[in-house]
Amino acid sequence: MFRAALHRTGFLALLVGLAGRDAPAVEVLLGEGRALVREVRTLALAQGLQTVVLDNLPAGIDPETLTVRARRVELELRAWALDGGTGMAATASGEAVWPPPVASAPGGVLPAGPVSVRAQLYAPDERRALDVEVSYQTTGLDWSAAYQVVVRGDRVEEREPLSADLTGWVRIQNRSGIAFTNAAVRLVGRRRIPDAGGPPPGFLILDEVSPMSDLWRWRPPEADIEYEYALPGPVDLPAGVETEVALIKSVRVPAARRYVLRAEEFSASLEAPPRPLRKYIILRNTVANRLGAPLPPGPVQLFLGSMRSQLLQTGDLPHTPVDGDIRIDLGPSPDVTGRRGRQARAERPEGGEIETFAIEVLNGRDGAITVELDEKPPLILQWTLVSSTRPCREVFRRLRYQLDLPAGGRETVEYSLRVSRPSL
């Protein structure tokens with residue numbers, strides 16, 4: 001993603017932006033332990049092959065990723081290497097001096113502070129002052145997000161709406177050895193996928209030759225795609241300091257409480273003991289709620305409006321797109337339990353089967369609640385929904401239900417599928 005981001009915004013746009021009075025002097029695309037840095041420097045270049053020293057670079061720079069570009073000038077970066085100098089000014093010479101001197105750090109260890117890179121450039125003509133874009137990848141930078149939410153509402157009747165104050169911030173650790181001043185920072189991260197702890201136990205013997213074995217073979221979860229988040233404005237990142245940057249702050253946002261049964265978290269057997277549903281606080285990520293920006297994942301601290309000094313519990317906020325639901329995961333709730341599984345199977349005279357499944361939910365709380373069922377039928381064959389005892393929506397081959405349960409209430413939802421077997 002870093003390479004794609006390097007060319008996502010044109011060089012012209014970067015130069016025009018830097019011409020503003022308070023425009024950012026550098027762009028930092030910050031990932032997990034690595035960063036892509038882009039800045040504009042003014043160099044004096046002679047015609048032909050020459051050596052230019054780029055100073056004040058982070059010690060963790062990857063010289064293989066160094067690029068030097070200019071508008072309407074075809075610069076050629078012929079070679080590059082770390083230089084042993086510290087703080088040398090950029091110079092130009094009509095003669096190429098190569099190879100550069102060996103870095104002075106012993107044992108190949110990079111110095112802790114800024115380093116310089118000696119670059120061999122070819123310029124088609126002489127330029128006394130040429131603005132060039134210097135970009136590179138480096139280590140030593142990392143980030144994390146965190147949130148606090150204060151809720152107000154009835155603690156017993158959870159179907160009643162909530163009012164929530166949501167505050168979020170980003171902490172950026174700069175251990176690169178140099179400071180970044182007035183930097184436009186964009187964050188890159190992935191959704192956190194819970195670790196399943198390895199393959200589940202069992203005694204299934206697979207035929208290694210048959211390609212059908214791939215349908216049952218356990219695989220570790222694939223890495224999620226990377227998402228990008230822009231900070232609201234330019235920031236200063238001093239060297240060796242953890243900087244805290246405000247991300248969002250919204251008050252009196254309408255919110256709701258939901259208990260969710262997600263199919264992947266429950267075994268497909270009605271003989272299994274009931275498991276707790278997960279509880280969520282849900283609010284809309286919209287401009288009308290004074291939000292409306294992509295939110296990175298991070299832990300959440302939950303407080304009650306009348307007890308701001310006392311932490312009620314912690315939760316987790318996943319990646320949330322603009323106009324999506326902010327679903328603050330408060331973890332399993334032992335008072336609301338459920339289970340799911342196959343209830344019946346019948347052969348069809350014309351071929352195939354009708355399979356009926358059931359989902360049971362029990363509300364052990366003293367007040368009414370709202371439950372969401374996110375059901376994925378436990379089938380690998382093609383299926384078609386035939387009937388359901390409660391209205392549902394079919395979304396990407398999943399069935400979505402919403403139920404209201406009174407205090408102490410129990411609900412059983414049944415649905416039937418027509419299953420088609422493939423013809424060989």
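- Glu226 and Arg34 are joined by a salt bridge, as a carboxylate oxygen and a charged side-chain nitrogen come within less than 4.0 angstrom of each other.
- Using a distance-only test at 3.5 Å, with no hydrogens or angles considered, no donor-acceptor pair links the side chain of Ser176 to the main chain of Pro58.
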Pair Leu247, Tyr147 - check side-chain contact (heavy atoms from CB on, under 4.5 Å), show working. CA-CA 9 Å; Leu247 185 63; Tyr147 301 89; 3.9 Å; yes
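- Between the side chain of Arg340 and the backbone N or O of Glu375 there is no donor-acceptor pair closer than 3.5 Å.
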With side-chain contact (heavy atoms from CB on, under 4.5 Å) as the criterion, how do Glu39 and Phe180 come out once you've worked through the C-alpha distance, each side chain's angles and the decisive distance to 0.1 Å? CA-CA 10 Å; Glu39 56 180 302; Phe180 297 94; 5.8 Å; no
Stepwise side-chain contact (heavy atoms from CB on, under 4.5 Å) check, Val73 with Leu45: CA-CA 11 Å; Val73 177; Leu45 298 177; over 6 Å; no
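- Pairs of residues two or more places apart, or lying in two chains, that qualify as salt bridge (charged side-chain N to carboxylate O under 4.0 Å, His left out) and include a residue from residues 283-293 are Arg284-Asp325.
- Using a distance-only test at 3.5 Å, with no hydrogens or angles considered, no donor-acceptor pair links the side chain of Arg342 to the main chain of Leu270.
- Salt bridge Asp55/Arg41: present, at least one basic N to carboxylate O contact under 4.0 Å.
- Counting heavy atoms from C-beta on, the side chains of Leu277 and Val260 never come closer than 4.5 Å.
- Annotation: side chain of Val188 is not in contact with side chain of Leu36 (no heavy-atom distance under 4.5 Å).
- A salt bridge links Arg127 to Asp125: one of the charged nitrogens lies within less than 4.0 Å of a carboxylate oxygen.
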Worked check of side-chain contact (heavy atoms from CB on, under 4.5 Å) between Leu75 and Val132: CA-CA 9 Å; Leu75 297 178; Val132 299; 3.8 Å; yes
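- Put simply, the side chain of Gln137 does not reach to within 4.5 Å of the side chain of Glu64, judged on heavy atoms.
- A heavy-atom distance below 4.5 Å is found between the side chains of Ile281 and Val151.
- Crowding of Glu271 atom CD: a count of heavy atoms from other residues, nucleotides or ligands under 6.0 Å not exceeding 12.
- Heavy-atom neighbours of Arg393 CZ from other residues, nucleotides or ligands within 6.0 Å: at or below the threshold of 12.
- Taking the six-membered ring where the residue is Trp, Tyr415 and Phe357 present parallel rings, their angle staying beneath 30° rather than reaching 60°.
- Using a distance-only test at 3.5 Å, with no hydrogens or angles considered, a donor-acceptor pair links the side chain of Asn174 to the main chain of Leu237.
- Side-chain contact between Arg152 and Arg252: present, with at least one pair of heavy atoms (C-beta onward) separated by less than 4.5 Å.
- Between Arg339 and Leu362, every side-chain heavy-atom pair lies at or beyond the 4.5 Å cut-off.
- Counting heavy atoms from C-beta outward, Thr370 and Gln402 have side chains that approach closer than 4.5 Å.
- A donor atom on one side chain and an acceptor atom on the other are not found under 3.5 Å apart for Glu372 and Tyr280.
- Expressed to the nearest 0.5 Å, how far CD1 of Ile248 lies from CG of Leu295 amounts to 4.5 Å.
- No salt bridge links Glu265 with Arg275; every basic N to acidic carboxylate O contact stays at or beyond 4.0 Å.
- With Asp329 as the partner, the salt bridge (Lys or Arg N to Asp or Glu O under 4.0 Å) test is satisfied by one option alone out of Arg258, Lys279, Arg278: Arg278.
- Judged by distance alone, with hydrogens and angles left aside, the side-chain atoms of Asn363 form a donor-acceptor pair with the main-chain N or O of Gly367 at under 3.5 Å.
- Counting only heavy atoms from C-beta outward, the side chains of Ile326 and Leu291 approach each other to under 4.5 Å.
- A salt bridge does not link Arg159 with Glu157: every distance from a Lys NZ or Arg NE/NH1/NH2 to an Asp or Glu carboxylate oxygen is 4.0 Å or more.
- The closest side-chain donor-acceptor pair between Glu242 and Gln173 falls under 3.5 angstrom.
- At least one donor-acceptor pair closer than 3.5 Å links the side chain of Thr320 to the backbone N or O of Pro318.
- Between the side chains of Asp131 and Thr42, at least one donor N or O sits under 3.5 Å from an acceptor N or O.
- The distance from the CG atom of Leu261 to the CD atom of Glu264 is 10.5 Å, given to the nearest 0.5 Å.
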